[in-house]
Amino acid sequence: MVLAPPASDHPDVLAQLDAARIRYARIAPSRQLELGSSTLLDDVVGHAVAAHVLALGHRRVGIVKGDPGHAATNARFQGYQRAFEEAGCPMRDAWIETGLFTFDGGYAAGRRLLERGDRPTAVLVQNDAMAVGVMLATRELGLSIPDDLSIAGFDDAKVSRIAWPRLTTVRQPVFEMAVAATDMLIADLESREGDRHTQHSNTLFIQDSTAPPRA
């Protein structure tokens, strides 16, 4: 089996596969890396995009997290935390919302953030579907992107390419990681020597939805 997140980190799934002696490869696991073959990301996910927004000068930064039960949510948030620590910028719990990785969830989270009297000047959103929801909320409230609010997404999904302005986002090499995991699994089944872990890199696409905050 080739396991994608969140199954690639699910302890019950891994234990049952081991008990049944079913071989597996894992895509982007975040723990128990000694189990099976795995394709890994070579940096803390989410760090680069948060560092970009902070380098623009934003210090009032909101966050829209994904599904709390998904490993990607925590991994991306850890990357944000590291970037905030490096920039000496505290996170504000009041500016952290949950959007469950859906457009509707992102829209609702965006409304909650932007209707505050002390709204942020930038929002880090943990996937592109939610980011487009935040974009809609921004426009409904009469705000401009990126003049009034910078928005950065994650995943380089198709929706990020048709959003306007073009969405700053992060591409994870999902296809390449799936191919590598499958290759390692086939090598294991054929008892061939090879790497049990491969490293892959994220790519940050800086586009038109992020800019320095207004003076």
Side-chain angles (χ1 to χ4, degrees), residues 43-67 72-172 202-215:
D43 195 9
V44 177
V45 180
H47 175 267
V49 67
H52 160 66
V53 167
L54 292 163
L56 289 172
H58 292 279
R59 290 299 179 268
R60 299 163 60 89
V61 182
I63 294 171
V64 179
K65 299 172 70 173
D67 186 335
T73 299
N74 187 54
R76 294 173 191 186
F77 189 71
Q78 287 179 346
Y80 296 164
Q81 286 179 311
R82 198 182 86 181
F84 274 72
E85 289 169 1
E86 291 173 355
C89 177
M91 282 186 171
R92 288 185 55 174
D93 290 342
W95 287 344
I96 300 175
E97 295 284 350
T98 299
L100 299 175
F101 286 135
T102 68
F103 170 85
D104 290 338
Y107 170 77
R111 294 286 305 208
R112 291 193 295 270
L113 283 170
L114 299 177
E115 288 174 347
R116 297 175 57 90
D118 60 343
R119 65 176 174 80
T121 62
V123 180
L124 296 167
V125 191
Q126 290 196 335
N127 80 347
D128 292 340
M130 293 191 300
V132 174
V134 176
M135 284 180 151
L136 176 59
T138 304
R139 291 197 177 93
E140 284 188 351
L141 293 170
L143 301 173
S144 173
I145 305 167
D147 294 336
D148 297 313
L149 184 74
S150 285
I151 301 173
F154 210 104
D155 282 339
D156 189 32
K158 289 182 179 179
V159 69
S160 73
R161 300 168 203 172
I162 60 175
W164 189 259
R166 292 180 301 168
L167 183 63
T168 293
T169 187
V170 176
R171 178 182 181 270
Q172 291 187 277
N202 296 303
T203 303
L204 173 63
F205 291 108
I206 300 173
Q207 302 194 100
D208 301 328
S209 66
T210 52
R214 286 181 171 178

Exam field: side chain [X] to backbone [Y], donor-acceptor pair closer than 3.5 Å:
| X | Y | answer |
| --- | --- | --- |
| S150 | A211 | yes |
| H47 | Q78 | no |
| R60 | D118 | yes |

Mind checking the [atom1]-[atom2] spacing from [X] to [Y]? Nearest 0.5 Å is all I need.
| X | Y | atom1 | atom2 | answer |
| --- | --- | --- | --- | --- |
| H58 | L149 | NE2 | CG | 8.0 Å |
| I96 | L113 | CD1 | CG | 10.0 Å |
| I151 | L124 | CD1 | CG | 10.5 Å |
| T102 | M130 | OG1 | CE | 7.5 Å |
| L167 | F205 | CG | CZ | 12.0 Å |
| T73 | N127 | OG1 | CG | 9.0 Å |

Measure across [X] and [Y] and return the closest heavy-atom pair with its distance rounded to 0.1 Å.
| X | Y | value |
| --- | --- | --- |
| G110 | A137 | C-CB, 4.0 Å |
| E97 | A109 | CB-CB, 3.7 Å |
| I63 | V123 | N-CG1, 4.4 Å |
| V49 | A152 | CG2-CB, 3.6 Å |
| R59 | C89 | CD-SG, 3.5 Å |
| P165 | S209 | CG-CA, 4.1 Å |

**OP:** Could you walk me through whether Q172 and D156 pass the side-chain contact (heavy atoms from CB on, under 4.5 Å) test, one step at a time?
**Re:** CA-CA 8 Å; Q172 291 187 277; D156 189 32; over 6 Å; no

A side-chain contact here means heavy atoms from C-beta on lying under 4.5 Å apart; do [X] and [Y] qualify?
| X | Y | value |
| --- | --- | --- |
| R116 | R112 | no |
| V132 | F103 | yes |
| P120 | V61 | no |

Original post:
Which class fits the ring pair F77 and Y80: parallel under 30°, tilted 30 to 60°, perpendicular over 60°?
Top reply: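 It falls in the perpendicular class, over 60°.
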
**OP:** Check the pair K158, D128 against side-chain contact (heavy atoms from CB on, under 4.5 Å), reporting the backbone distance first and the verdict last.
**Re:** CA-CA 9 Å; K158 289 182 179 179; D128 292 340; over 6 Å; no

**OP:** Determine, stepwise, if the pair L143 / R119 fulfils side-chain contact (heavy atoms from CB on, under 4.5 Å).
**Re:** CA-CA 11 Å; L143 301 173; R119 65 176 174 80; 3.8 Å; yes

Original post:
Do R214 and D148 pass the side-chain contact (heavy atoms from CB on, under 4.5 Å) test, and can you show the C-alpha distance, the side-chain angles, and the key distance before you say yes or no?
Top reply: CA-CA 7 Å; R214 286 181 171 178; D148 297 313; 3.1 Å; yes

Original post:
So, D155 and R76, do they make that salt bridge, N to O below 4.0 Å?
Top reply: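 Yes, this pair counts.
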
Original post:
With distance as the sole criterion, is a donor-acceptor pair present between the side chains of T210 and H52 under 3.5 Å?
Top reply: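 Yes, side-chain donor-acceptor contact under 3.5 Å.
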
